Amino acid sequence: MNNINKLLILFEQFAYTQNEAAALNDFLDYFLLAFRYHETAEEQKPALETLINHPKRELLSKMLIEVGELSENFNDPLGELCETLISKGRNGQFFTPGPIKDLLTALVYDSNAKQGDMVLDPACGSGRMLLSAAKRNRHRLFYGADIDPLCCKMALMNMLLHSLTGEIAHMDSLSNKFFHGYVIGTVLLNGHHHPYYKPFTDPEQSRIWLRSKENPSQEAVTDPSESMRQPSERGVQGNLFDEL
């Protein structure tokens with residue numbers, strides 16, 4: 001991992017008078033406002049006003065620049081920030097170290113996989129394993145789930161920072177209880193691929209949430225943005241690790 005001392009200093013300034021976990025959540029919400037998909041300019045207007053009028057906008061901008069620079073080469077400064085200042089080992093919340101995640105992905109994932117092949121991490125944390133897999137081949141579809149909503153937002157931000165495509169779901173992968181999710185994609189504008197996400201709450205729109213045996217099987221959706229309109233039926237509980 002890169003040296004995050006400058007990011008730590010900026011974050012501590014931002015979090016002054018706040019609980020650190022709440023401050024990180026606010027920072028993530030501010031970042032995500034800029035990437036949420038809106039159907040019309042009128043729908044987008046409140047988000048733009050919040051971005052422009054935030055009382056700590058200058059400090060937030062500095063933090064975003066620092067996170068962007070530290071995230072190069074598929075690094076995870078957000079997860080490291082969370083480990084250092086927030087989790088502090090409570091509840092055993094440590095994210096997979098860089099060398100270990102890279103070794104695991106090298107053993108499991110074929111770098112020659114075809115575009116559209118899928119990667120799933122059912123306990124993704126800040127998304128490090130997904131980033132490691134993307135480092136080997138970024139043209140896959142990446143799917144992550146976690147029971148911690150703060151981790152889901154970090155994973156979502158990491159996916160957007162690297163223009164990856166797929167889904168992040170806030171859910172309990174063991175009980176299959178679904179809370180909400182984010183479908184992530186890119187749109188081509190002026191010759192550049194711009195990342196975006198769409199939030200949803202209906203588990204039937206998720207590629208990760210598992211349907212029951214009673215539901216008929218449907219053909220898999222190859223474009224993650226289509227899962228917002230055309231959910232695919234997947235497996236039953238117990239197949240989460242090999243069905244995707």
Side-chain angles (χ1 to χ4, degrees), residues 1-16 18 20-36 47-48 50-52 54-88 93-102 105 119 121 124-140 142 144 146 150-166 168 182 184-197:
M1 287 292 178
N2 295 324
N3 189 315
I4 65 166
N5 287 341
K6 182 178 178 181
L7 178 60
L8 288 171
I9 292 170
L10 290 170
F11 180 78
E12 287 173 344
Q13 293 174 14
F14 174 72
Y16 183 67
Q18 277 188 283
E20 288 170 334
L24 179 57
N25 188 69
D26 288 347
F27 168 65
L28 293 168
D29 284 345
Y30 181 84
F31 171 89
L32 294 174
L33 271 177
F35 292 89
R36 178 165 177 168
L48 292 175
T50 300
L51 289 168
I52 294 170
H54 196 287
K56 295 184 178 181
R57 184 183 65 173
E58 185 176 344
L59 184 55
L60 283 164
S61 297
K62 291 179 180 179
M63 291 171 63
L64 290 172
I65 291 170
E66 188 66 15
V67 168
E69 292 179 351
L70 292 172
S71 295
E72 289 186 6
N73 198 31
F74 298 94
N75 285 316
D76 177 31
L78 291 170
E80 194 168 357
L81 177 70
C82 183
E83 281 182 323
T84 303
L85 290 180
I86 298 170
S87 74
K88 301 174 184 175
Q93 192 176 49
F94 288 101
F95 303 125
T96 308
I100 295 177
K101 67 180 176 62
D102 288 344
T105 53
V119 175
D121 185 348
C124 67
S126 58
R128 284 187 184 177
M129 294 294 290
L130 298 176
L131 292 178
S132 184
K135 190 192 303 186
R136 294 180 62 80
N137 186 331
R138 62 173 297 111
H139 300 296
R140 293 185 171 95
F142 298 91
D146 204 278
L150 189 63
C151 285
C152 290
K153 289 182 180 180
M154 286 191 288
L156 174 59
M157 182 168 174
N158 275 327
M159 292 270 285
L160 292 166
L161 281 168
H162 295 91
S163 297
L164 302 179
T165 300
I168 297 295
Y182 312 91
I184 308 154
T186 60
V187 60
L188 186 63
L189 292 173
N190 301 320
H192 298 282
H193 290 276
H194 293 263
Y196 70 88
Y197 74 94

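Just so it is clear, the structure is predicted and the values come from calculations on it, not from any experiment.
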Given 3.5 Å as the limit, does a donor-acceptor pair link the side chain of [X] with the main chain of [Y], or not?
X	Y	answer
Asn137	Ala134	no
Ser132	Arg128	no
Asn158	Ser126	yes
Asp146	Gly125	yes
Arg57	Ile52	yes

Listed partners of [X] passing side chain to side chain contact (heavy atoms under 4.5 Å, CB included), at least two apart:
X	answer
Asn190	none
Thr50	Leu33
Ala22	Asn19
Ala23	Phe11, Phe14, Ala15, Gln18

Does [X] have any side-chain hydrogen bond (donor to acceptor under 3.5 Å, both in side chains) partners at least two apart in sequence or in another chain, and if so, which?
X	answer
Gln13	none
Asn5	Asn3
Asn25	Asp29, Lys153
Asp121	none

Where do Phe31 and Phe27 land on the ring pair (Phe, Tyr, Trp, His ring centres under 6.0 Å) test, with the steps shown first? CA-CA 6 Å; Phe31 171 89; Phe27 168 65; 7.3 Å; no
Partners of [X] by ring-ring contact (aromatic ring centres under 6.0 Å, His included), sequence neighbours excluded?
X	result
Tyr30	His54
His194	none
Tyr182	His180, Tyr197

Does the side chain of [Y] come within less than 4.5 Å of [X]'s, by heavy atoms?
X	Y	answer
Asp26	Leu24	no
Thr165	Met159	no
Leu60	Leu51	no
Ile184	Leu164	no

Can you name the residues that form a salt bridge (Lys or Arg N to Asp or Glu O under 4.0 Å) with Lys6, not counting sequence neighbours?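 Lys6 satisfies salt bridge (Lys or Arg N to Asp or Glu O under 4.0 Å) with Glu66 only.
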Rounded to the nearest 0.5 Å, how far apart are [atom1] of [X] and [atom2] of [Y]?
X	Y	atom1	atom2	value
Leu81	Leu70	CG	CG	10.0 Å
Ile168	Cys124	CD1	SG	4.5 Å
Met129	Asp76	CE	CG	12.5 Å
Lys56	Lys62	NZ	NZ	13.5 Å
Met154	Leu78	CE	CG	7.0 Å
Leu131	Arg138	CG	CZ	10.0 Å

Closest non-hydrogen atom pair between Pro77 and Leu7, with its separation: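 Heavy atoms of Pro77 and Leu7 come nearest at CB-CD2, 4.1 Å.
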